[in-house]
Amino acid sequence: MASGHTPQRPLPDAKPTPRSREPRGTELGAPWDSRGPRPTVRAHECSSVVDGNFEEVPRETAIQFKPPLYRQRYQFVKNLVDQHEPKKVADLGCGDTSLLRLLKVNPCIELLVGVDINEDKLRWRGDSLAPFMGDFLKPRDLNLTIILYHGSVVERDSRLLGFDLITCIELIEHLDSGDLARFPEVVFGYLSPSMIVISTPNSEFNPLFPSVTLRDSDHKFEWTRMEFQTWALYVANRYDYSVEFTGVGEPPAGAENVGYCTQIGIFQKNGGRATEACVSEQHDQHVYKAVFTTSYPSLQQERFFKLVLVNEVSQQVESLRVSHLPRRKEQDGEQGDKPKDIGGSKAPVPCFGPVFTEVEKAKIENSPKPFCVGDKFFVPLQRLLAYPRLNRLCANEEMMRSVIADSIPLSSDGSAVVTDLCNYFDEQFEF
Amino acid sequence: MSGRARVKARGIARSPSATEVGRTQASPLPTSVDLSNNEASSSNGFLGTSRISTNDKYGISSGDAGSTSMERGVKNKQDFMDLSICTREKLAHVRDCKTGSSGIPVKLVTNLFNLDFPQDWQLYQYHVTYVPDLASRRLRIALLYSHSELSNKAKAFDGAILFLSQKLEEKITELSSETQRGETIKMTITLKRELPSSSPVCIQVFNIIFRKILKKLSMYQIGRNFYNPSEPVEIPQHKLSLWPGFAISVSYFESKLLFSADVSYKVLRNETVLEFMTALCRRTGLTCFTQTCEKQLIGLIVLTRYNNRTYSIDDIDWSVKPTHTFQKRDGTEITYVDYYKQQYDITVSDLNQPMLVSLLKRKRNDNSEARLAHLIPELCFLTGLTDQATSDFQLMKAVAEKTRLPPSGRQQRLARLVDNIQRNTNARFELETWGLHFGSQISLTGRVVPSEKILMQDHICQPVSAADWSKDVRTCKILNARSLNTWLILCSDRTEYVAESFLNCLRRVAGSMGFNVDYPKIIKVQENPAAFVRAVQQYVDPDVQLVMCILPSNQKTYYDSIKKYLSSDCPVPSQCVLARTLNKQGMMMSIATKIAMQMTCKLGGELWAVEIPLKSLMVVGIDVCKDALSKDVMVVGCVASVNPGITRWFSRCILQRTMTDVADCLKVFMTGALNKWYKYNHDLPARIIVYRAGVGDGQLKTLVDYEVPQLLSSVAESSSNTSSRLSVIVVRKKCMPRFFTEMNRTVQNPPIGTVVDSEATRNEWYDFYLISQVACRGTVSPTYYNVIYDDNGLKPDHMQRLTFKLCHLYYNWPGIVSVPAPCQYAHKLTFLVAQSIHKEPSLELANHLFYL
């Protein structure tokens, strides 16, 4: 196994310590987004020394990024994912899986993989990637599998072949020279994903920090922009990628020439995506140990599709049924002592419910209408299909019928949903 | 369940245990979970039918699904606190043997499993300190776990206390680790204690281990239980998803450490708050929508779908919309819509919805100002069942049908769980590193006590089944009935006709049971609650013996306002009947019979008796529950028998502020009850047996330290010479063990009257299980009795049989019930007061079972 390259990912609740030169906030607020206000950087008097043993560096001027720099890096990746919509994404050196947690909400991703050399950390944080209860109640559209592997990025594992995006955030500076030499061969040459994102500290920025050599004790090196770009261009050229450079963490006013605090290279494979076919030709090579695997419920799975469809149909039928109920409350019963003006003091009268476009309205209007026979209420499936939320799930009547048939009572010819016109709850709302 | 459902239920022949469904669970969860009163507090999210085990008092209020088990240990500590109260050693007559011997032995299988470990097994408790100190628990754990000294060792660590199953070489181990930022942290691991396997701390650790193991089986921890989301049961017509799972625990039973598991279901709702609001709006119209909506939603717990947290709804802000902006913690302004899009990739579709407001819980030791969170209804799922849902017979039936498991189904689930634990490599590895081994399922021998005869006025009847003797006594006269001469019927125009035909029927059946019912005054009222109350106020005078109201709908206000007026303002027994119940074709006779019986009791009559071998015995039932409106008010119901035949009762309900006050009001009650007894019998009872229900985990000490002394002193003060002998028995309907019999090669429910007083009981207590109910379709749950004080010195055999006899005396049901009748009466009384009346009923009614 290759030597350690514990990637640096600050624990969100870790306090900044004087030896860690790269400032990071303790704040857990929402990540910044490029569409939001510009991130800021400001110098401030640092008086919060965690423990009393650093009297030798009193009142130093530190740079503080807002949002914290690590969040800016994650947000950068997230924006990239939004833009390119990759299906398979791997984060090498995923550490405590913060980036994976941020990416898992993205609807386009179907396979999300994290690789790290620290197995305990993967095990320990793995649980937080499991689906929430809400994910079972409102499943995603597409499948999502999340796998955490224990292993080193300089070893080849065929399970990481054929990816659309591989990210190496603050990773390479933890590699010693031997590993750094092997890194391009594995990631660019062997794994060869469509896109690779590599971020690393920009050492030109370091003089802005107080008395700095390296930002982290595990860093084997920190590169200038020139050093990083030279390496990146060489690698890109050798493995047929094109590369663009950017970064996060803008320098403070007056020091613009040092460039971003974190420099980033975005590598895109020339000639487009790796095809699935060429992936399967490769020999299976399983070096990594899968530490954690989870799959999310989705509409692609029959069980959850049925659950969602049946639920939506029931709700639509219920809402149509209620609007068909004869309104009793105005007609009979004594009205004298009923306080009519309750809620009147409350200012705005709410109005909800789905808002339909004119086209959708017309479509609903033109579909067969619900009807009553005796105390039974019928809603034609064609009518249900006219509603956008159901139409999105289900293309035709036949499909809807076959999925809901054993959960919802249908009319004898199967063309409509049947329910009792009145039920227990109706009485609860008589006033 | 509210009053209206109860009214409805009267006409439907189903076992009383079925009407229990969701009873204590009905009221919404209190915002802050009060650990000390969990029995009385309710588990909203959790479905507590008598067939579904509920150890979960939390529902899903504990949303921090990611937190480690140690935090949840708080709850377990409550149980351990109970176990340290050794009441048996003070009871000389059962110190050596607390088992009975009468009855027919029956072989029983349990849901308990042996846990085997080496004889010399020990747990080592260490304390870990960090220099410099670290505030983050996560960081503390990460640093310690990454140390090679500790890897591959079985360990449990909460950030300060470390448990190991193997001793470290040194008493004090110094380790140092470097954080990722290069800071050197010194960790000192100091051995504090070596604990034998019998120590309560060990049991706590065993529970933590098993929680870990169940998590490794991909189960979700909600509250204290574990659920499997991959095999949900769906009830689409009610928008419910049920997750199957288990309530598990490890504890010491008679002499062995046992693992117990019981099947349970988690109820999740497939309904967002927005969907709920939209549906509500459509029903109510706009005029009173906001008010109704607030009434329905405030106080409920919601689950947010994007971060798996639970919040309570404290208010609804109708003026804020998703398009409005809010200030993030970093000071920037963002709209809610943009925030959810950016943060969670969620598109808010309804831009007109109002916002839910939740007061965020403050962390401990945090004195800062409470913060408010605005939540978008569209992104919040409702949790738990509302009062409305639990009172919906159809819904509860649907849930019961899906969740009710016959003994064989339960046994299969258990077998599968055990199999999974043993097959899953991770789970097995965890067990093995701790030196534990999963053993066999426990089977034991119970005894079936003889069945009871029912004494009617001129007939002694041996029922075919103790579950329901209504057919056996149909032609018999009841023990004692007072003639009903002056009474009223209130009904609306629409229901006048059914009221008349019902009245005819009622008078006929009442006559045949020996209850004379004269023709009442019939008053027609308009169909609204206020009109009913006005009519009651106008027509009820001191001569009126009983008021019957034929209610046009099961709206709670009818029932509540009538009951409130007639229980305290103007104390007259009342009988509410739903018009719909009387419309049921072909059931009129049985409905009339049931109502006639209730009316007899409300007038102070007696229906039947069982043979009580002890002369001069008073039995007392006590139950406690929380008021539905003001959650900090405890409703204490006490019911005592006032004749040797145990057919007449003195009932009183007292409202209290705290649990310790309960003891004080017991004294007030006991003095009153003993005075009554003296008045009727011209002597004091030789023996008093108190059945105390409504006891939560961890409350046993309060009972022993406060309630028992108060009861004793009230008994002592009532007489100058010889005072009555007292026994106090804690009654619990919820308990972990389940028992099955093997019959014809399938597992079945044990017969009525099965007593278990060995192996599944606790060594430090004088306790037993009694099965005094039938479950036609599900698995029967035994009732657990713990005798915490006993001057009477009855043999265990006699104590068990007496308890069994008392289960036959509940007059609202012609059959056996799951707890002794005085407890069931006390429960019924507290329920009426907590749900409908909200104040102490008049003492003038104390001699009648007015609350049936």
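Letters A, B, ... are given to chains in the order of the sequence lines, protein chains preceding strands, and every chain is numbered from 1. Because the structure is a prediction, the values reported are computed rather than measured.
To the nearest 0.5 Å, atoms CZ (A:R303) and CD (B:E234) are separated by 8.5 Å. Expressed to the nearest 0.5 Å, how far CH2 of B:W243 lies from CZ of A:F136 amounts to 5.0 Å. The NZ atom of B:K239 sits 5.5 Å away from atom CD of A:Q315, with the distance rounded to the nearest 0.5 Å. Taking CG of B:D345 as the reference point, atom SG of A:C108 lies at 8.0 Å (rounded to 0.5 Å).
Using a cutoff of 4.0 Å between basic side-chain nitrogens and carboxylate oxygens, A:K138 and B:E271 are not scored as salt-bridged.
Applying the side chain to side chain contact (heavy atoms under 4.5 Å, CB included) criterion to B:S349, with sequence neighbours excluded, gives B:E378.
Using a 4.5 Å cut-off between heavy atoms, A:P297 does not touch chain B at all. In this structure, chain B has no heavy atom under 4.5 Å from any part of A:K306. For chain A, no part of B:S218 is nearby; none of its heavy atoms comes within less than 4.5 Å. In this structure, chain A has no heavy atom under 4.5 Å from any part of B:P529.
For the pair A:L307 and B:N270, the tightest heavy-atom approach, listed with the atom from each and the gap, is CD1-ND2, 3.6 Å. A pairwise comparison of heavy atoms in A:V105 and B:Y344 identifies CB-O, 3.5 Å as the closest pair. Contact detail for B:R305 and A:F132: the closest heavy-atom pair is O-CD1, 3.9 Å.
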- Going through the distances and angles, do A:S319 and B:T278 end up as a side-chain contact (heavy atoms from CB on, under 4.5 Å)? CA-CA 9 Å; A:S319 86; B:T278 317; over 6 Å; no
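Inter-residue side-chain proximity for B:I222 and A:M133 is flagged as met; some heavy-atom pair is nearer than 4.5 Å.
Ranked by heavy-atom pairs under 4.5 Å with chain B, the first of A:N311, A:N106, A:V310 is A:N311.
Side-chain atoms of A:K78 come within 3.5 Å of backbone atoms of B:Q342 as a donor-acceptor pair (strictly under, hydrogens ignored).
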